[in-house]
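Have a look at the structure below before the remarks.
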Amino acid sequence: MPSPSLYEIHDPRFRSLIVGSAVLEELYSGCRWAEGPVWFDDAQQLLWSDIPNQRMLRWVSDGSVSVYRYPSNFANGHTRDRQGRLISCEHGTRRVTRTEADGSITVLADSFEGKRLNSPNDVVVRSDGSIWFSDPTYGILSDYEGYKSAPEQEKRSIYRLDPVTGALTAAASDFLQPNGLAFSPGETKLYVADSGTNPDDTAPAHIRVYDVEGTRLTNSGVFCHLDEGRPDGFRLDTNGNLWTSGGHAVHCFAPDGTLLGKIRIPQGVSNLTFGGPRRNRLFITATQSVYAIYVTATGVQRP
Ligand code: MG
């Protein structure tokens, strides 16, 4: 039987997505704020950001952990493009970069309409090569996760970077603070977490869903509400279930937005990603630590 302290079953369907005998493993502890995990299957390694410590860390499947990049320009979210190159959001430089095979850094975006971006937070790449990222103000609110500064952008948007022309388009801007984002398995929909709060604390903790229409996001809707914490980063599995951070838990939602269950995590969860050779292992960044747990679901993200 699944451990009641590890799993919360909210819908019987959740039982088929988890491994009852699986344990939550702590792979590393010692971060100030861990975020932005990205899996490299070709190297059997996980990279992630320790934002306030200005570093990126690397866990290899032999169990070793080392510093991958320091200083990291307060890097936050990462992904890989279809060529396997690392794409990173940096708070400190307020830009999105690509790390080339030789290790050199290419700046992909640092301004929109002549004004600096706020602080790119999280990023995904579509199969057509377009790069989509969120641009909330978290990285310029204080000197803890970046450099305190007034925003130049009027809005907090999701941007799309064209893979051919390099043109940047504000694809949607109806957010308090856009944060994590991920495509549906068929890439026809984009899910976006709005983690923003408002002065009277009435802002809903929800994940939005959009139709992807060319360079734009249309038909804005609410996919799910969280009953604990606020959503930051999330991923989908091959069946369209959405696994998200929220408080001290990973929440799993069915494609229709029904909460299926939760995995309890000892610390506040920021992001997660599927990894491992079968892509059936959840790697979870949670405040000071990185955790991992095997599930029966398989992550949809590529490569
Ligand atoms: Mg984030």
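When a ligand or atom number is given, it counts from 1 through the structure's own listing order.
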State whether a side-chain donor-acceptor pair under 3.5 Å links [X] with [Y].
| X | Y | result |
| --- | --- | --- |
| Arg69 | Thr99 | yes |
| Trp48 | Asp50 | no |
| Arg94 | Ser149 | yes |

Side-chain (Ser49) to main-chain (Ala75) donor-acceptor, under 3.5 angstrom |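 Between the backbone of Ala75 and the side chain of Ser49 there is a qualifying donor-acceptor contact (under 3.5 Å).
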For the Mg ion (ligand 1), which N, O or S atom of Glu35 is at the shortest distance?
-> OE2
So which of the N, O or S atoms of Asp232 lies nearest the Mg ion (ligand 1)?
->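 That would be atom OD1.
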Give a yes or no on whether Arg278 atom CZ has more than 12 heavy-atom contacts from other residues, nucleotides or ligands under 6.0 Å away.
->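 Atom CZ in Arg278 is not crowded, with 12 or fewer foreign heavy atoms closer than 6.0 Å.
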How about [X]: does one of its N, O or S atoms come closer than 2.8 Å to the Mg ion (ligand 1)?
| X | result |
| --- | --- |
| Asn121 | yes |
| Asp122 | no |
| Tyr138 | no |

